[in-house]
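Here's the structure, in C-alpha cells; my notes come after.
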Protein chains: 2
Amino acid sequence: MISSVSPEPLPAGEPRWLDAEEQKAWRAWLYSAQLLQDRLDRDLTHRTGISHAYYEILVALSETPERMMRMSELADRCLSSRSRLSHAVSRLEERGWVRRQVCADDGRGQLAVLTEEGFAALEGAAPIHVEAVRRELFDQLSPEQVENMRDFGETLLRHLDPDRSR
Amino acid sequence: MISSVSPEPLPAGEPRWLDAEEQKAWRAWLYSAQLLQDRLDRDLTHRTGISHAYYEILVALSETPERMMRMSELADRCLSSRSRLSHAVSRLEERGWVRRQVCADDGRGQLAVLTEEGFAALEGAAPIHVEAVRRELFDQLSPEQVENMRDFGETLLRHLDPDRSR
DNA sequence: GCGGAATAGTTCAACGCTCAACTACGCTAC
DNA sequence: GTAGCGTAGTTGAGCGTTGAACTATTCCGC
C-alpha cells in the first residue's frame, strides 16, 4: 500500500514558513531528486525499452528464491498501489516476462512469476542501469556524501514507512 | 527542456556493480525520495485540489514581478517538458487561475499570466504545503542533516543541470 | 528582402496512473 | 452451514504525461 495521508486539521496560527536557507536546501534537493530520477528513467527506457517502474518489478521478483511473489507483497516492495501493480503486471505478461499463477494456500491470492524471458531481459538491462546510477550519482559524490545520502534516506524512511525499517 | 539523454555507447567490460553498502545507500535514498514526494503530492492534492506539479507552476508565476512568464522559461523552471506545460496551463486556464497572452516582443511566444483567482488559490494552498514539508521533512532532520541535504542537492544539480547552478 | 534553418508553442495518439467500484475468496461466530 | 465482514486482486473511466508531428514566427546569410 502506498503512503496514505490522514487529512488531520492543520495547526492554527501562522504557518511555520521556510526561511531563505531552508528554501534553498529544499529546492536544491527537490530539483536534483526529480532530475536524477527523470534522467535514470529516461536513460533506461530509451536504451532498453524498460521503464524504471517495470525494472523495479523485475528486480524484486528476481531476488526471491523462486522468482515469484504475491501481488500485494510485490506492490509494497515497489512502492506501488495494488491497482498500479496489477496493470503493470498485465503489461509485463503481454511481453512474456511475467506470468500470473494462483496461490496454492490462498485462493484469493495471485503469484507473479518471473519467466526465463523476463530474467533474460533483466540481465540485459541491469548493467546499463547500474552504469547510469554510477555515472549520474556515485561518480558525482564523495564517500562522505554517499554516507550522508544513506543517512538521509534511512532517517526519512523511519518516519515515512516505519514498517519497512525492520 | 527536460533532461536529455544521449545514448552513448556503454563502456565495454564488466559493469561497475554496486557493492552491498552502495546498494543500501541507493535504495534507502530512492525509497525515501519516492515516498516523500508521493506523500507531499497526495497531501496537497487531497487538501487543496492542487497537485504539486500545478502548485509549482503557480509558485513560479507568483515569484516574478509581473506574475507572468514565457511558456518555455516556465517549463524550464518547473522541470517540465513544453508539451506537459502546455497541457497543464490549459487546465489551469479552465480553472481561471492562469491566462495566456501573446508576447509583445516575439510573435511566436506566449506569456502565462497568473490571475487574481490563481494567486488567491496559491495563497490558500501555500500554508498547507509548507506545513507538510515541515512535518514530513524538516521536523525529521537535524540541522546537520539539512545541511547535508542541501549539499547533496547542489552537488548533483551541478552535474545534472549545470545551467541552473548559476 | 528572400530562402532556409532554428525557435516557440500546440496538438494528437498511445500509454501510465489514480480512485472507486467490483468480484471472489477466506475467516469468524452463531 | 451460512451471514457478515475483511482481504486479495482486477477493472474501467478519467486525467496526466510522453514523444512526435505540426503550425507559426523569427533569425541569419546572401
Side-chain angles (χ1 to χ4, degrees), chain A residues 1-5 7 34 37-39 41-47 49-57 68-95 98-113, chain B residues 1-5 7 34 37-46 49-57 68-95 98-113:
Chain A
M1 205 176 335
I2 216 156
S3 61
S4 61
V5 169
Q34 290 185 180
Q37 296 186 65
D38 208 67
R39 184 167 303 188
D41 186 37
R42 269 163 214 279
D43 183 272
L44 189 57
T45 302
H46 289 148
R47 289 198 211 241
I50 307 177
S51 69
H52 193 256
Y54 289 5
Y55 181 83
E56 292 253 275
I57 294 172
M68 55 179 67
M69 202 183 271
R70 283 290 290 269
M71 292 295 284
S72 327
E73 199 186 339
L74 188 53
D76 287 351
R77 173 78 166 60
C78 297
L79 303 181
S80 177
S81 69
R82 279 144 203 247
S83 166
R84 182 186 175 199
L85 181 75
S86 188
H87 285 296
V89 165
S90 297
R91 302 280 152 73
L92 291 173
E93 232 174 349
E94 287 166 15
R95 297 195 192 185
V98 169
R99 64 188 164 73
R100 273 179 240 247
Q101 184 177 304
V102 289
C103 184
D105 38 311
D106 186 344
R108 297 165 301 182
Q110 292 276 108
L111 288 164
V113 187
Chain B
M1 203 177 335
I2 214 156
S3 60
S4 61
V5 169
Q34 290 186 179
Q37 297 187 64
D38 207 68
R39 185 167 303 188
L40 290 177
D41 185 38
R42 268 162 213 278
D43 184 89
L44 188 58
T45 303
H46 289 148
I50 307 175
S51 70
H52 193 256
Y54 288 6
Y55 180 83
E56 292 253 277
I57 294 173
M68 57 179 65
M69 202 182 271
R70 285 290 289 271
M71 293 294 283
S72 328
E73 199 186 339
L74 188 53
D76 286 353
R77 172 78 166 60
C78 297
L79 303 181
S80 177
S81 70
R82 279 142 204 248
S83 167
R84 183 187 175 197
L85 181 75
S86 188
H87 286 296
V89 166
S90 297
R91 302 280 150 74
L92 291 173
E93 232 174 350
E94 287 167 15
R95 296 194 192 184
V98 169
R99 63 187 165 74
R100 271 178 243 247
Q101 184 178 302
V102 288
C103 185
D105 39 311
D106 187 341
R108 297 165 301 182
Q110 292 275 111
L111 287 165
V113 186

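If you're wondering where the values come from, they're calculated on a predicted model, not measured in any experiment. Here is how names work: the chains are called A, B, and so on, in the same order as the sequence lines, proteins then strands, and each is numbered from 1.
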Practice item. Check step by step if salt bridge (Lys or Arg N to Asp or Glu O under 4.0 Å) holds for B:D43 and B:R39. Key: CA-CA 6 Å; B:D43 184 89; B:R39 185 167 303 188; over 6 Å; no

Exercise for review: Go through A:R70 and A:D106 one step at a time and tell me if the side chain to side chain contact (heavy atoms under 4.5 Å, CB included) criterion holds.
Suggested key: CA-CA 10 Å; A:R70 283 290 290 269; A:D106 186 344; 3.7 Å; yes

For nucleotides 2-5 of chain C, list the nitrogen or oxygen atoms of the protein found under 3.5 Å from its nitrogen or oxygen atoms, one pair per line.
none

Review point. Charged N to carboxylate O under 4.0 angstrom, A:D38 versus A:R42?
Key: yes

Study note, to complete from the structure: Side-chain contact check for B:R100: nearest option of C:dT10, C:dA8, D:dG12 is C:dT10

Review point. Quick one: is C:dC19 close enough that its OP1 or OP2 comes under 4.0 Å of any side-chain N or O from B:H46?
Key: yes

Check your understanding: D:dT11, C:dC19, D:dT18: which one has an atom nearest the side-chain heavy atoms of A:R42?
Key -> D:dT18

Exercise for review: Decide side chain to side chain contact (heavy atoms under 4.5 Å, CB included) for B:T45 and B:I50; before the verdict, give the C-alpha distance in whole Å, the side-chain angles of both, and the deciding distance to 0.1 Å.
Suggested key: CA-CA 5 Å; B:T45 303; B:I50 307 175; over 6 Å; no

Review point. Whole-Å distance between C:dC17 P and B:D38 CG?
Key: 12 Å

Exercise for review: In whole angstrom, give the distance that lies between atom CZ of A:R70 and atom C1' of D:dT10.
Suggested key: 14 Å

Review point. Between C:dA8 atom C1' and B:Q101 atom CD, what is the distance in whole Å?
Key: 16 Å

Listing time: all N or O pairs from protein to nucleotides 20-22 of chain C that are below 3.5 Å?
none

Exercise for review: Would you please confirm or rule out a distance under 4.0 Å between OP1 or OP2 of D:dT11 and any side-chain N or O of A:R82?
Suggested key: no

Review point. Should the pair A:R99-A:E93 be classified as a salt bridge under the 4.0 Å nitrogen-to-oxygen rule?
Key: no

Check your understanding: Is the backbone N or O of B:S86 less than 3.5 Å from a side-chain atom of B:S90, with the two atoms forming a donor-acceptor pair by type?
Key -> yes

Exercise for review: Please tell me if the side chains of A:D41 and A:S51 come closer than 4.5 Å, counting only heavy atoms from C-beta onward.
Suggested key: yes

Review point. If every non-hydrogen atom of A:C78 is compared with every non-hydrogen atom of A:E56, which pair is closest and at what distance?
Key: SG-O, 3.9 Å

Distances for protein N or O near nucleotides 14-16 of chain C N or O, under 3.5 Å:
residue : atom : partner : partner atom : Å
C:dG16  : OP1  : A:Y54   : OH           : 3.2
C:dG16  : OP2  : A:R91   : NH1          : 2.3

Review point. Could you give the CD1-to-C1' distance, from A:I57 to C:dC17, as a whole number of Å?
Key: 12 Å

Point to revise | Nearest-Å distance for atom pair CE/C1', residues A:M71 and C:dA24 | key: 15 Å

Check your understanding: Can you check whether A:L85 reaches A:V89 side chain to side chain, under 4.5 Å on heavy atoms?
Key -> yes

Practice item. List the steps, then state whether side chain to side chain contact (heavy atoms under 4.5 Å, CB included) holds for A:V98 with A:V113. Key: CA-CA 5 Å; A:V98 169; A:V113 187; 5.7 Å; no

**Study point:** Closest-nucleotide ordering on DNA chain C, the 5'-leading residue of A:A88 and B:E73
**Key:** B:E73

**Study point:** Atom pair distance, as rounded to whole Å: NE2 in B:H52 and P in D:dG16
**Key:** 16 Å

Check your understanding: Rounded to the Å, how far apart are B:H87 NE2 and C:dC17 P?
Key -> 17 Å

Check your understanding: Taking only residues two or more places apart in sequence, or in another chain, which ones meet B:E73 in a side chain to side chain donor-acceptor pair (under 3.5 Å)?
Key -> none

Study note, to complete from the structure: Atom CG of A:L85 and atom P of D:dT11 are separated, to the nearest Å, by 13 Å

Exercise for review: Using heavy atoms and a sub-4.0 Å distance, could you list which residues of residues 103-111 of chain B are near DNA chain C? By number, please.
Suggested key: B:R108, B:G109, B:Q110

Check your understanding: Closest heavy-atom contact between B:L79 and A:Q34?
Key -> CD1-NE2, 3.3 Å

Practice item. Verify side chain to side chain contact (heavy atoms under 4.5 Å, CB included) between B:L111 and B:R100, making sure each step is shown before the conclusion. Key: CA-CA 6 Å; B:L111 287 165; B:R100 271 178 243 247; over 6 Å; no

Practice item. Just jot down the side chain to side chain donor-acceptor pair (under 3.5 Å) partners of A:Q37, sequence neighbours excluded, or say none. Key: none

